[in-house]
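Beneath this line is the structure, given in structure tokens, with notes to follow.
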Amino acid sequence: MISNNIDLESTKKSETKDFIRQIIDKDIESGKYGGRVHTRFPPEPNGYLHIGHAKAIVVDFGIAEDYHGLTNLRFDDTNPVTEDVEYVDSIQADIKWLGYDWEDRLYYASQYFDKFYEYAQELIKKGLAYVCSLSLDQIKEYRGTVTEAGKPSPDRERPIAESLELLEKMKNGDFAEATYTLRAKIDMSHSNMKMRDPLIYRIKHAHHHQTGDKWHIYPMYDFAHCLEDSIEGITHSLCTLEFQNNRILYDWFLDALEIYHPQQIEFARLNITHTVTSKRKLKQLVDDKIVDGWDDPRMPTICGMRRRGYTPQAVRNFCEGVGLAKRESTVEMALLEYHVRQDLNKNSLRMMGVVNPLKVVITNYPEDQEEWLEAVNNPENPEDGTRLVPFSRELYIEQEDFMEDAPKKFFRLSQGREVRLRYAYFITCTDVIKDQAGKILELHCTYDPETKGGNAPDGRKVKATMHWVSVKHATQVEVRMYNSLFVEENPDKKEEGKTFLDYINPDSLEINQNCWVEPELAKAKAEVNYQFERIGYFFLDSKYSSPEKPVFNRTVTLKDTWAKIKNN
Ligand code: ATP
Ligand code: MG
């Protein structure tokens with residue numbers, strides 16, 4: 001039944017399918033893996049996940065979902081030294097936030113350490129592996145070069161029984177680190193250097209976050225990864241291009257052991273301008289305190305994007321939008337922001353906040369009067385309803401919405417000019433009040449009581465609609481504006497004597513304490529996206545915000561749409 005459904009769907013979508021889905025379609029058609037699709041996402045718990053991992057997650061989970069298949073979450077924890085449970089926890093939280101579920105299929109490569117050991121013994125018994133006593137430097141030297149064949153280790157013909165015994169002792173911790181390794185016996189003159197008797201195990205007297213002090217040997221990636229996939233019955237093992245050269249080894253181990261054989265398929269990494277996507281570099285930014293932790297809203301980490309106010313839907317749309325390629329390319333950060341805006345435009349609540357206040361006194365509005373005016377919460381979604389916004393004699397408007405000697409193209413407020421205050425009234429500026437130095441202190445305006453709600457009964461038009469807040473009802477909040485973390489499009493470019501740290505943008509964070517918001521925003525909720533009308537999208541900061549002092553992150557700027565805003 002299920003496979004029929006799959007066939008129907010695949011013919012429907014086949015024209016637009018990426019190369020991986022095309023391969024899977026063929027496998028289903030030929031009955032390879034019995035029509036099953038089972039992928040895995042295999043992070044190494046040595047850092048927080050970033051946007052590149054989000055891409056891999058969307059590929060691994062998304063493809064399986066499309067084919068009604070399964071995806072495992074597997075921690076590739078074969079290197080005890082750099083790994084940590086903090087990362088194990090954060091990775092799970094991040095994948096869940098993105099909206100994916102591995103159900104009960106959470107695995108650790110370290111669960112298979114016993115199994116790996118048995119497989120290693122089997123390779124030795126088959127004459128396909130040996131314990132080598134060369135140092136790592138010697139191994140490198142013996143390996144040869146791309147143009148030169150390598151030479152065999154003096155231990156290459158070590159008797160099977162001896163290798164088995166030595167391996168046992170390595171495992172038990174009888175030897176110092178770097179004294180012995182276990183190596184596959186393949187081909188010292190193979191054109192692919194990876195095939196020149198690669199390492200299988202190295203000695204490490206390290207504590208492991210899952211297995212404790214049990215092991216004194218740890219497996220190499222190339223040996224472990226294919227076995228993990230095989231043990232779990234993975235069908236399509238999707239990874240990034242840098243593993244293309246390793247595929248030959250992936251296949252060799254599985255063939256040598258004559259066990260279930262998944263297929264490795266490589267796709268291009270996601271690279272984005274103006275940022276770095278390498279856990280090592282991101283960790284450096286954190287350790288050097290250049291950013292405020294892994295979840296700093298300027299970081300391309302999943303938790304950073306989340307804290308900033310990006311939505312899981314936007315991140316998924318972006319990852320799907322860039323598609324699957326076989327060649328490396330770099331995507332503009334602007335494209336990610338585009339998807340964030342698209343989603344927030346549909347799903348954020350519109351409120352009013354003034355980020356650079358200029359006081360306006362409505363001179364013909366009674367001093368003790370106030371009105372609560374109805375405002376629409378989200379024109380894109382009527383279900384979000386309406387709220388009441390207070391209006392009174394003293395207001396704040398945005399400094400940049402006023403110009404004294406306004407050029408022809410400036411349609412907002414200036415002396416003698418009439419504009420609309422959103423949801424409120426038409427006002428006309430009558431006086432500009434300045435201090436002795438000529439600095440503008442406040443504006444005096446009059447309002448037309450006939451225009452309540454923002455429309456003139458006589459049908460007269462104004463060219464601008466502006467946001468505002470009532471001074472006596474407004475709350476002062478902090479707003480954090482983010483610019484890109486790097487000034488260079490490619491911070492990884494190799495310039496003489498420079499590293500990516502030399503391209504940090506000194507203005508990547510601007511903190512504005514003098515921002516005033518309407519009452520509804522003063523009690524803004526965590527995890528809710530707001531649009532400050534005409535200013536941008538904002539989100540309460542999970543670290544610094546408190547009910548007494550709201551702190552907002554600017555998630556992303558708005559496209560400049562102020563002129564288009566109609567009062568409704
Ligand atoms: P980093 O280079 O940041 O340390 P990694 O590749 O070492 O990343 P892993 O934890 O080993 O990180 O990766 C888990 C999975 O995520 C792998 O399948 C890897 O190919 C994939 N992945 C990592 N970075 C990217 C990226 N930029 N684009 C697409 N997939 C990625
Ligand atoms: Mg890695």
Side-chain angles (χ1 to χ4, degrees), residues 43-56 79 81-84 86-87 90-91 94 240-243 268-310 314-315 318-319 322 325 327-341 478-513 536 539 541-544 551 553-557:
E44 187 184 349
N46 61 350
Y48 281 64
L49 298 182
H50 53 63
I51 183 73
H53 296 109
K55 161 88 191 192
N79 181 4
V81 182
T82 53
E83 296 166 1
D84 207 299
E86 175 194 354
Y87 303 133
S90 71
I91 288 171
D94 288 346
T240 35
L241 279 183
E242 69 269 23
F243 294 105
R269 279 179 97 79
L270 173 66
N271 302 305
I272 302 190
T273 58
H274 299 285
T275 193
V276 290
T277 45
S278 142
K279 279 182 283 193
R280 188 181 56 77
K281 288 181 184 147
L282 295 174
K283 186 167 187 301
Q284 199 174 341
L285 294 173
V286 174
D287 291 346
D288 295 357
K289 305 222 176 336
I290 292 166
V291 295
D292 176 31
W294 284 95
D295 66 347
D296 185 300
R298 292 165 293 181
M299 291 279 270
T301 49
I302 294 181
C303 55
M305 295 190 285
R306 173 183 188 170
R307 181 168 155 202
R308 181 159 168 164
Y310 285 17
V315 175
F318 166 74
C319 291
V322 297
R327 269 223 212 127
E328 292 277 340
S329 66
T330 301
V331 178
E332 297 276 339
M333 184 62 98
L335 185 63
L336 176 55
E337 291 189 353
Y338 164 84
H339 283 283
V340 173
R341 263 188 214 108
E478 177 179 311
V479 153
R480 304 179 143 236
M481 318 265 200
Y482 302 102
N483 302 306
S484 69
L485 191 49
F486 293 93
V487 286
E488 268 297 322
E489 197 170 285
N490 177 13
D492 282 324
K493 71 174 187 180
K494 304 269 183 299
E495 245 182 337
E496 196 53 38
K498 291 195 170 177
T499 75
F500 73 107
L501 295 175
D502 292 304
Y503 306 117
I504 294 283
N505 178 3
D507 303 317
S508 59
L509 169 62
E510 292 167 42
I511 297 182
N512 178 349
Q513 306 271 5
F539 192 74
D541 186 75
S542 55
K543 185 163 174 184
Y544 296 117
V551 175
N553 292 320
R554 183 177 67 192
T555 307
V556 67
T557 53

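Scope of the values below: all heavy atoms of this structure, side chains included, with no hydrogens, waters or symmetry mates. Just so we're clear, the structure is a prediction, and the values are computed from it rather than from any experiment.
- For Lys498, there are no salt bridge (Lys or Arg N to Asp or Glu O under 4.0 Å) partners at least two apart in sequence or on another chain.
- Formation of a donor-acceptor pair under 3.5 Å by the Asp541 side chain with backbone atoms of Val551 is not found in this model.
- The environment of NZ in Lys493 is crowded: more than 12 heavy-atom neighbours from other residues, nucleotides or ligands sit within 6.0 Å.
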Sequence neighbours left out, cut at 3.5 Å: what donor-acceptor pairs do the side chains of residues 331-341 make with other protein atoms?
unit_1 : atom_1 : unit_2 : atom_2 : d
Arg341 : NE     : Thr557 : O      : 2.7
Arg341 : NH2    : Thr557 : O      : 3.4
Arg341 : NH2    : Thr557 : OG1    : 3.1

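- With sequence neighbours left out, Arg269 forms a salt bridge (Lys or Arg N to Asp or Glu O under 4.0 Å) with Glu242.
- Here the closest heavy-atom approach between residue Ile91 and residue Pro45 is recorded as CD1-CA, 4.0 Å.
- Results of the side-chain contact (heavy atoms from CB on, under 4.5 Å) test with Arg298 over Thr275, Leu485, Ile290 single out Leu485 as the only residue that passes.
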| said: Does Asp292 form a salt bridge (charged side-chain N to carboxylate O under 4.0 Å, His left out) with Arg480? I'd like the steps, not just the answer. | reply: CA-CA 13 Å; Asp292 176 31; Arg480 304 179 143 236; 5.2 Å; no
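- By the salt bridge (Lys or Arg N to Asp or Glu O under 4.0 Å) test, Asp287 is found to be paired with Lys283, residues two or more places apart in sequence or in another chain being considered.
- Thr555 contributes no side-chain N or O that, together with a main-chain N or O of Tyr310, makes up a donor-acceptor pair within less than 3.5 Å.
- Contacts of Tyr87 classified as ring-ring contact (aromatic ring centres under 6.0 Å, His included), with partners at least two apart in sequence or in another chain: Tyr48.
- For Asp502, there are no salt bridge (Lys or Arg N to Asp or Glu O under 4.0 Å) partners two or more places apart in sequence or in a different chain.
- Although no hydrogens or angles enter the test, the distance criterion places a donor-acceptor pair under 3.5 Å between the side chain of Arg308 and the main chain of Pro297.
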| CA sep, side-chain torsions, deciding dist, call: Asp295, Arg306, side-chain contact (heavy atoms from CB on, under 4.5 Å) | CA-CA 8 Å; Asp295 66 347; Arg306 173 183 188 170; over 6 Å; no
